[in-house]
Engineer: 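Structure in structure tokens, see below.
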There are 2 protein chains.
Amino acid sequence: MTISVKNVPAAMDVARLAGVSQSAVSRAFTNGASISAKTRAKVMAAAEELGYRPNQLARSLLRGRSQLIGVVLGNMENPFFPLALDTLTKQLDAHGHKTLVFTGEANQQADTSIEDMLNYRVDALILMATTLSSSLAERCQAAGIPVVFVNRISHVKRCSSVIGDNQHGARLIARHLVDNGYQRIAFMAGIETSSTSRDREQAFTDALIALGRSKPMRVVGHFNRTGGMQAMRQLLEQGDRPDAVFCANDHMAMAAIDVARYEFSLEPGKDIGVVGFDDIPQAQWPGYDLTTYSQPLHELIGHAVERVLSQINLDEAVHTVVKGNLILRSSTDANY
Amino acid sequence: MTISVKNVPAAMDVARLAGVSQSAVSRAFTNGASISAKTRAKVMAAAEELGYRPNQLARSLLRGRSQLIGVVLGNMENPFFPLALDTLTKQLDAHGHKTLVFTGEANQQADTSIEDMLNYRVDALILMATTLSSSLAERCQAAGIPVVFVNRISHVKRCSSVIGDNQHGARLIARHLVDNGYQRIAFMAGIETSSTSRDREQAFTDALIALGRSKPMRVVGHFNRTGGMQAMRQLLEQGDRPDAVFCANDHMAMAAIDVARYEFSLEPGKDIGVVGFDDIPQAQWPGYDLTTYSQPLHELIGHAVERVLSQINLDEAVHTVVKGNLILRSSTDANY
DNA sequence: GATGTGATTGCATAGCTATGCAAAATAGTG
DNA sequence: CACTATTTTGCATAGCTATGCAATCACATC
């Protein structure tokens, strides 16, 4: 029975082997430190031999910067989030930061778990979940940790945010639907408490009214597939069916298309118009070919990362809005 | 101009305020430590007032356990991975562990980035990417960090693995296709170097031969959508079209269905059989309704987590195989 | 060779918490 | 109340690295 003795070598061990001081070892691994090429070589050789790697925990403790970024994501069932995570980790990585991840929507459990991330002294927190108690954000603030919201506006003091241009998108979509002659227009909301969903709805409604139409029918899909399907059924079962639906995100729009086509034999783009929001890659799959408003993910994330990494002015909240484009596809393109 | 002084309170500050020693503060936050209810209350009150939270970096440094688990994921475009990450973080969280995540397939860049995770003294590494240099795994090993492969078998000494039953699945699929009268059967491989793809192919081929058939046609889809589409086109453009395709994962199978239906006007299940592997949620979307072999995600991840958290016997590699089921859906269900 | 200059090096300490050990407080018993 | 058994507490240290400071070195210049 062998007890595995985790005898991880420390800087001191390397120092002894290389015949130098521990400081020298530290400097050998610190970029731009004052050390001669010769000793650095000696140190590196010894380090290699022992399999030494500097302990980032100790380093972080001392420096007061952990190089860790906490990321909180919403519903992973929606392809938007994994994609966002992917680009996020890649960009952070390029700047030498690691990502501490948490997935899930807000609840008691989640809050405490996210707060645990603070104990690791994350350098910043990026919140991408659609719902999140803002008391949480406040506590992060209090802990002196910069918070950046992506795709959600928050008025917590000193929290920055990066969002797509919901107003712009909703307006373009309203105009597009009216221009194409759709008459009975519906809106499918996401999670009711989410600012994203509310903003899109508000701007959409305003634009329709400005174009001389009445308020859209309204249904709630909770930003997930099951919810989107139920909401769509609700719309199509009633007597006065809509002839076009703007869904607050692509993920629900795809669910809506499936329901229309396979449960009601309505062909999207021909019998009913469907529009989404986000322009996730799936939106252009031939089975959906969804008209939607794009959220430029790289830009969105890029701004968030920039916010997080710029040491300057983190005291002041910056709210960035990134414009996208209306992407016309066949889910509404009919010559109606 | 206010310089933001990040004056994070330490245990000593709390101790002073509460009129106790620093040890008492530490014990107040350590579960099961020897401390009276009275002093704990005093400490907690003081901690609350100052907004103190124990520094996990220092704690980890001292304890030699960081409570961090490194997770490496492959192509996030495949819904299997986000889903896996979601269940993984939730399960780890339930055990008080945080997840350090890296996404991307193997390359020089990725390797060094993953090695950086070791500097944080992660308690273990879970590797779910389909491709990964095994020299990497070896170096982790050398660093004394337990490595668990999910969905990939590796023969690196002392690395455990958890995989679905590729042989079982491939056999069932072969039998199913033959039973249903399909004649010209093809296999769409994933990434050629991946053990997963190879195992499925080998078992599939063997089973077909055992059933008196010849080796399947073969095409490579690289486990991603673009690759799957191209591979499918390749199959359908040739003179001797297959009448059934087993794709090494659902993600490619969905791409294959789209190509068949929208580019070649072939209706899956009627004109051509398509089978996948994984049973991701999308497989049951009505537009695909894919026959597939299920990989029970919760079980898979559950075993991986168990492997990672059981302190005992991490010296010995354990290889776990989780059986799934053949899920029959309309993409092959035709009365052929 | 003396002197000055800049580059390297080592010493000692800080950063924050957990824990073994001995001292002190408390509870328990007769 | 005396005395033992048990809890609770504080002291001091360890865990690993980065860095200010002073000492040392290498080197060039005169």
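A quick note: this is a predicted structure, and the numbers were derived from the prediction, not measured.
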Engineer: How many Å lie between CE on B:M12 and C1' on C:dA18, as a whole number?
Structural biologist: 15 Å
Engineer: Please answer whether the main-chain N or O of A:N151 pairs with a side-chain N or O of A:T196 as donor and acceptor at a distance below 3.5 Å.
Structural biologist: yes
Engineer: Between A:D13 and A:R16, does at least one N-O distance fall below 4.0 Å, as a salt bridge requires?
Structural biologist: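 Salt bridge between A:D13 and A:R16, a charged N being under 4.0 Å from a carboxylate O: yes.
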Engineer: Check this for me: A:H319, atom NE2, are more than 12 non-hydrogen atoms of other residues, nucleotides or ligands nearer than 6.0 Å?
Structural biologist: yes
Engineer: Just the rounded figure in Å: distance from C1' of C:dT17 to CG of A:L57.
Structural biologist: 13 Å
Engineer: Side chain of A:T87, backbone of A:H298: donor and acceptor closer than 3.5 Å?
Structural biologist: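 No, A:T87 side chain to A:H298 backbone: no donor-acceptor pair under 3.5 Å.
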Engineer: Respond yes when some side-chain nitrogen or oxygen of B:S26 is under 4.0 Å from OP1 or OP2 of C:dA18, and no when none is.
Structural biologist: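 So the side chain of B:S26 is within the cut-off, an N or O lying under 4.0 Å from OP1 or OP2 of C:dA18.
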Engineer: Atom pairs, N/O to N/O, protein against nucleotides 9-13 of chain D, distance under 3.5 Å?
Structural biologist:
unit_1: D:dT9; atom_1: OP1; unit_2: B:S36; atom_2: OG; d: 3.1
unit_1: D:dT9; atom_1: OP1; unit_2: B:T39; atom_2: OG1; d: 2.9
unit_1: D:dT9; atom_1: OP2; unit_2: B:S36; atom_2: N; d: 3.0
unit_1: D:dT9; atom_1: OP2; unit_2: B:T39; atom_2: OG1; d: 3.1
unit_1: D:dG10; atom_1: OP2; unit_2: B:S21; atom_2: N; d: 3.1
unit_1: D:dG10; atom_1: OP2; unit_2: B:S21; atom_2: OG; d: 3.0
unit_1: D:dG10; atom_1: N7; unit_2: B:R27; atom_2: NH2; d: 2.7
unit_1: D:dG10; atom_1: O6; unit_2: B:R27; atom_2: NH2; d: 2.9
unit_1: D:dC11; atom_1: N4; unit_2: B:S23; atom_2: OG; d: 2.9

Engineer: Could you state the atom-to-atom distance from CZ of A:F29 to C1' of D:dA18 in whole Å?
Structural biologist: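 From A:F29 CZ to D:dA18 C1': 14 Å.
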Engineer: Round to the nearest Å and state the distance from A:R65 atom CZ to D:dT17 atom C1'.
Structural biologist: 17 Å
Engineer: At what distance, to the nearest 0.5 angstrom, does CG of A:L309 lie from CG of A:D123?
Structural biologist: 9.0 Å
Engineer: Would you say the side chain of B:L118 lies within less than 4.5 Å of the side chain of B:L125, judging by non-hydrogen atoms?
Structural biologist: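 Counting from C-beta outward, B:L125 and B:L118 do come under 4.5 Å.
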Engineer: Within this structure, what is the CZ-OG1 distance for the pair B:R40 and B:T30, rounded to the nearest 0.5 Å?
Structural biologist: 8.0 Å
Engineer: Between the protein and nucleotides 14-16 of chain D, which nitrogen or oxygen pairs are less than 3.5 angstrom apart?
Structural biologist:
none

Engineer: Which pairs, with at least one residue in residues 43-68 of chain B and sequence neighbours excluded, count as a ring-ring contact (aromatic ring centres under 6.0 Å, His included)?
Structural biologist: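 Pairs touching residues 43-68 of chain B that pass the test: B:F29-B:Y52.
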